[in-house]
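What you see is a predicted model; the values in this text were computed from it and never measured. Numbered from 1 within each chain, the chains take letters A, B, ... in sequence-line order.
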Number of protein chains: 2
Amino acid sequence: MAGDDEGAKTEPAHDRSLHQRIRADLEERILSGAWSPGHRIPFEHELMAQYGCARMTVNRVLSGLVEAGLIERRRRAGSFVRRPAGQSAVLRIPDVKAEVLSRGETYGYELISGTRRKATRDDRARIAVAAGAPLLALLCRHVADGRPYALEDRLIALDSVPEAADADFATELPGTWLLGHVPWHEAEHNISAAPADARTAARLDVPVGTACLVMERRTWRSGQPITAVRLWYPGDRQKLVARFTPSTAAGR
Amino acid sequence: MAGDDEGAKTEPAHDRSLHQRIRADLEERILSGAWSPGHRIPFEHELMAQYGCARMTVNRVLSGLVEAGLIERRRRAGSFVRRPAGQSAVLRIPDVKAEVLSRGETYGYELISGTRRKATRDDRARIAVAAGAPLLALLCRHVADGRPYALEDRLIALDSVPEAADADFATELPGTWLLGHVPWHEAEHNISAAPADARTAARLDVPVGTACLVMERRTWRSGQPITAVRLWYPGDRQKLVARFTPSTAAGR
DNA sequence: AAGTGGTCTAGACCACACC
DNA sequence: GTGTGGTCTAGACCACTTA
């Protein structure tokens, strides 16, 4: 009969649904090392018997473990604990304003310059638009507690986002504005360290040559470049934090 | 009858399974902006009718979209396209050897020093062990094409990984050895920029003050600290690359 | 009260890999 | 062949939320 899942209801078991409990059970065994990499975990029909549930239920759990990168499955052979491949991490990059406010500092923003121009050779190394395509080039400063916090050097492809030409970036953050107008897009981040050149150092109010964290982000939507932004953070003021939890991040 | 999924077999449709095609359909609508944030997507029973399939099938798809952070669901109300929150990215941090080899350069490794000591105050700021707990402190150099590539400054908690005392880190990479002995663990990464101090600069063969990317990683397993490592990369030689694909990374 | 999603069942057919 | 996972069905009961 449908619905009379014995294991699930006769034992309330902390409110979690059956598949969540099975998932937690298996994850615990894998992450604790009780089942080390390469170990063959029970077949679906064995888990069905152990938990007294339908095959669909254990299948759902195992599919989730595959998606999380914890196991791999081979027909006829079974399911196996994966070896964690390399190190992956989920890096959260909040927008600069939220970042400053979360540090309990006051936030300020200034548009230093905003110009419209046709893509130069240098621009095209940063953002993959056609030669001569119209771009909006912005330079802004983010300020925390009155001190320069980060310098933002951004290009926006006007072919992809023509409305940007009419936006007022003196009052609205380019990143926020873009998220509102082009909500979902792919992104690639490049993080490196570089010494501040004379102009950058002046704008950040740090000595020339100060080690800076440079975050470059290029985003596009279905192949169309949207924007390329370079953020300069004086190294001692900024840290990027990333957390890695095996069950969340796939090691694939 | 079970198995006679009309949509799936009468139209082979590029080999993908039914739920994969539904998933791709919905994702395309969301990511293209056709369904913008806040939009209510069809109810499960409507999707059942549209695709001529069982409710379980569309439910599976929608659950996947929730997990991917693309939609949120509310009982009685429906399912809604989420607004992408902040910027998240999946950062892959390969082990240094793989990193060098993937650049097509030859890889070399040297153990500069390896000492066993009781945790000092400074150590305990980096790795949360008890005062006086035994630590293994390693200093190693990674070499690419004969040039110093990165400096690795690592602490290993011997209380958590006693076998590390007997490992030969002159020949075996500490990171690789640890992955083999403590396969799954949580990690936290801190990425910043700093100028190379005199000793670091000498070991990396760069001028003092060179902007370096400093990656600090602390890992533990069920609360037990395992290792803390600090990797110094001369800024101009190293970039961390992260990609963000909405359907992969949850914006939660 | 009604309608949504959340979960689960007990089957089924199929593809694939190994024997 | 045989046994595994991959997928799908046509129901079902329940919890929750909104009207």
Side-chain angles (χ1 to χ4, degrees), chain A residues 1-26 39-82, chain B residues 1-26 39-82:
Chain A
M1 203 197 311
D4 65 340
D5 38 320
E6 310 174 28
K9 294 300 181 297
T10 58
E11 191 81 44
H14 313 103
D15 261 15
R16 292 182 304 175
S17 62
L18 178 54
H19 75 264
Q20 284 173 327
R21 276 184 293 134
I22 301 177
R23 166 88 181 233
D25 272 14
L26 301 185
H39 179 87
R40 207 211 77 224
I41 76 177
F43 297 125
E44 293 191 347
H45 65 82
E46 294 173 320
L47 291 171
M48 283 173 63
Q50 282 177 36
Y51 290 96
C53 66
R55 190 179 150 223
M56 189 83 197
T57 306
V58 300
N59 185 287
R60 176 177 174 175
V61 170
L62 295 177
S63 301
L65 291 176
V66 169
E67 213 172 328
L70 287 179
I71 67 170
E72 58 189 342
R73 314 191 71 188
R74 291 196 302 274
R75 288 179 155 121
R76 173 78 202 208
S79 306
F80 301 86
V81 176
R82 277 178 51 115
Chain B
M1 202 199 308
D4 65 340
D5 38 320
E6 311 175 25
K9 295 299 180 299
T10 59
E11 190 83 42
H14 313 101
D15 263 12
R16 291 183 303 175
S17 62
L18 178 54
H19 74 264
Q20 284 174 326
R21 275 184 295 133
I22 300 177
R23 166 87 182 233
D25 272 14
L26 301 185
H39 183 270
R40 209 212 75 226
I41 76 177
F43 296 125
E44 293 191 347
H45 65 83
E46 293 174 317
L47 291 171
M48 283 173 64
Q50 282 177 36
Y51 290 97
C53 66
R55 192 181 147 219
M56 190 80 194
T57 306
V58 301
N59 185 287
R60 175 176 176 176
V61 171
L62 295 177
S63 301
L65 291 176
V66 168
E67 212 173 330
L70 287 179
I71 66 171
E72 58 190 341
R73 314 190 71 189
R74 290 197 301 274
R75 290 180 154 122
R76 173 77 203 212
S79 306
F80 302 86
V81 177
R82 275 179 51 115

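- Rounded to whole Å, atom C1' of D:dT7 lies 12 Å from atom CD1 of B:Ile22.
- When heavy atoms are screened at a 4.0 angstrom cut-off, A:Arg75 is found touching base atoms of the nucleic acid.
- Between A:Thr57 and C:dT9 there is a side-chain polar atom (N or O) within less than 4.0 angstrom of OP1 or OP2.
- We find that CZ of B:Phe80 is positioned 9 Å from P of C:dG5, with the value rounded to whole Å.
- Sequence order on DNA chain C of the closest nucleotides to B:Met56 and B:Ile41 puts B:Ile41 first from the 5' end.
- The CG atom of A:Leu65 sits 9.0 Å away from the OG atom of A:Ser79 when rounded to the nearest 0.5 Å.
- One finds no side-chain N or O of A:His45 lying less than 4.0 angstrom from the OP1 or OP2 phosphate oxygen of D:dG3.
- Rounded to a whole Å, the CD atom of A:Glu44 is 14 Å from the C1' atom of D:dC8.
- Within 4.0 Å of B:Ser79, counting heavy atoms only, lie sugar-phosphate atoms of the nucleic acid but no base atom.
- Among the nucleotides D:dT9, D:dC8, D:dG5, the one closest to the side chain of B:Ala54 is D:dT9.
- A close approach under 4.0 Å does not occur between any side-chain nitrogen or oxygen of A:Ser17 and OP1 or OP2 of C:dG6.
- Counting to the nearest Å, the P atom of D:dC14 and the CG atom of A:Leu18 are 16 Å from each other.
- Summarising the geometry, the separation between CG on B:Asn59 and C1' on D:dA12 is reported as 14 Å, rounded to the nearest angstrom.
- Note: CE (B:Met48) to P (D:dT9) measures 9 Å, nearest angstrom.
- Protein atom CZ of B:Arg40 is 13 Å distant from nucleotide atom C1' of C:dG5, rounded to whole Å.
- From B:Glu44, atom CD reaches atom OG1 of B:Thr57 across 10.5 Å, with rounding to the nearest 0.5 Å.
- Among the protein residues, B:Arg60 comes within range of the sugar-phosphate backbone only, with heavy atoms under 4.0 Å from sugar or phosphate atoms but none that close to a base.
- Map B:Arg55 and A:Arg74 each onto its nearest nucleotide of DNA chain D; the residue landing nearer the 5' end is A:Arg74.
- A distance-only check finds a donor-acceptor pair linking the side chain of B:Arg82 to the backbone of B:Gly69 [under 3.5 Å].
- Annotation: the span from B:Cys53 atom SG to B:Arg60 atom CZ amounts to 11.5 Å, rounded to 0.5 Å.
- The side chain of A:His19 has C:dC8 as its nearest neighbour among C:dC8, D:dT7, D:dG5.
- Contact check for B:Leu62 versus B:Ile41: side-chain heavy atoms found under the 4.5 Å cut-off.
- Going from atom CG of A:Leu62 over to atom P of D:dT4 covers 13 Å, rounded to whole Å.
- On a pure distance criterion of 3.5 Å, a polar donor-acceptor pair joins the side chain of B:Arg76 and the base of C:dA2.
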